[in-house]
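Everything numeric here is computed off the predicted structure, so don't read it as measured data. The analysis underlying the following values was restricted to heavy atoms, covering all of them including side chains, and did not include hydrogens, waters or symmetry mates.
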Amino acid sequence: MTMIRMSNIHKYFGRLHVLKGVSLEVNKGEIISIIGPSGSGKSTLLRCMNQLERIDQGSIEIEGVIVEAAGDTGVKVTASHPEVRATYRKMGMVFQGFNLFPHMTALGNVIEAPMLVNKMAKDDAVQIAEKQLAKVGLLEKKDAYPSKLSGGQKQRVAIARALAMNPDIMLFDEPTSALDPELIGEVLSVIKNLAQEHMTMLIVTHEMGFAKEISDRVIFMDDGKILEDSSPKEFFDNPRHPRIKTFLEKML
């Protein structure tokens, strides 16, 4: 089953052409790592997927529902506004900067969206939140405020918060880039566990070994375009594009 289909996506910020005709399909249960140099459009691609940025041309389909269409594509959004919102609620996102509410405990951060967005009773939201905090190894920190947590712990709370909404798709935007090196492993371990559950995931990352180990496909972006979309073995052992070879020589 195709979970996400992005067709001929263009995105501008003013005169800056950030995404230049990107097309991508993601199937159910696939784990896709998106790598490339800074400024290549990786994070913007995820943000367009989640409608945090609006596309200027192209169309986005999620689980068979056309949720966004722009420009002269001839494609029209097929869903009502409530259906579009419901479709986007199936997608969780974890940011590089954690984005936790500083005045709320770890538990408070995780229960907020189920209660506010899904109108869930507090007792039910707490039960789900405690389950997700346990999954990321932080149940004992449920009453701690973000200021008392390490960077790795904050990011794991952010993952628990996204999982509490029971998403079908998880987007990770450089989830370890704001962490000290010794804290990276604990976050990658949580993502590996999700991979074993066959959660559909797209991960923007600079961790090459992690991408090689966990991914079904590796996508390389440069200058707003996808230059390669292949298996990890093909990508790392026999990259097709000279730009990728240069990139890997610097990263590995």
Side-chain angles (χ1 to χ4, degrees), residues 3-4 24-47 49-50 91-99 132-133 135-138 149-163 167-222 226-241 243-252:
M3 299 292 279
I4 302 172
L24 174 66
E25 288 195 13
V26 180
N27 296 317
K28 184 177 178 62
E30 272 194 312
I31 298 150
I32 298 177
S33 290
I34 305 173
I35 65 177
S38 297
S40 58
K42 308 182 301 296
S43 295
T44 300
L45 183 67
L46 286 197
R47 292 176 67 84
M49 234 175 253
N50 205 20
M91 194 179 291
M93 187 158 181
V94 176
F95 302 87
Q96 54 185 297
F98 323 132
N99 291 7
Q132 298 304 340
L133 286 169
K135 179 181 279 192
V136 301
L138 284 176
L149 300 174
S150 70
Q153 290 170 336
K154 289 176 189 176
Q155 193 60 292
R156 285 189 281 155
V157 172
I159 293 171
R161 178 178 60 184
L163 292 174
D168 295 337
I169 303 160
M170 282 288 287
L171 309 177
F172 293 89
D173 185 10
E174 299 191 32
T176 60
S177 66
L179 302 180
D180 293 333
E182 67 269 21
L183 301 176
I184 289 172
E186 64 189 65
V187 174
L188 296 184
S189 178
V190 169
I191 299 173
K192 287 177 186 177
N193 290 339
L194 293 177
Q196 290 172 1
E197 297 176 11
H198 304 290
M199 167 76 76
T200 306
M201 295 191 287
L202 290 99
I203 308 161
V204 173
T205 183
H206 291 296
E207 302 292 330
M208 297 298 108
F210 172 73
K212 188 173 185 178
E213 176 187 352
I214 198 174
S215 307
D216 296 305
R217 288 157 57 197
V218 176
I219 288 170
F220 184 85
M221 291 188 68
D222 190 34
I226 292 176
L227 296 189
E228 184 159 347
D229 179 349
S230 59
S231 72
K233 181 169 177 56
E234 290 173 340
F235 181 86
F236 287 103
D237 294 350
N238 189 29
R240 299 172 203 153
H241 199 285
R243 178 70 183 90
I244 300 170
K245 292 178 182 178
T246 304
F247 178 84
L248 290 177
E249 284 169 3
K250 292 179 180 178
M251 295 296 292
L252 297 175

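Nearest heavy-atom pair across L45 and M221 is CD2-SD, 3.9 Å. The minimum heavy-atom distance linking P167 with G92 is given by the pair CB-N, 3.5 Å. For the residue pair I31 and M199, the shortest heavy atom distance occurs at CG1-O, 3.9 Å. In plain terms, the two heavy atoms of R156 and G137 that are nearest each other are NH1-O, 3.6 Å. Between K212 and P232 the shortest heavy-atom distance is O-CB, 3.6 Å.
Annotation: side chain of T205 is in contact with side chain of I35 (closest heavy-atom distance under 4.5 Å). Side chains of L46 and F95 form no contact here, defined as non-hydrogen atoms less than 4.5 Å apart. Contact annotation: the side chain of R240 never approaches that of F220 to less than 4.5 Å [non-hydrogen atoms, C-beta and beyond]. Annotation: side chain of N27 is not in contact with side chain of D216 (no heavy-atom distance under 4.5 Å). Within the 4.5 Å cutoff, the side chain of V94 has no heavy atoms near those of the I191 side chain.
Distance NE2/H241 to CD1/I226: 13.0 Å, rounded to 0.5 Å. Within the model, atoms NE2 of H206 and CD of E174 stand 3.5 Å from one another, a figure rounded to the nearest 0.5 Å.
The backbone N or O of G36 lies less than 3.5 Å from a partner atom in the side chain of K42, making a donor-acceptor pair. Between the side chain of S150 and the backbone N or O of Q153 there is at least one donor-acceptor pair closer than 3.5 Å.
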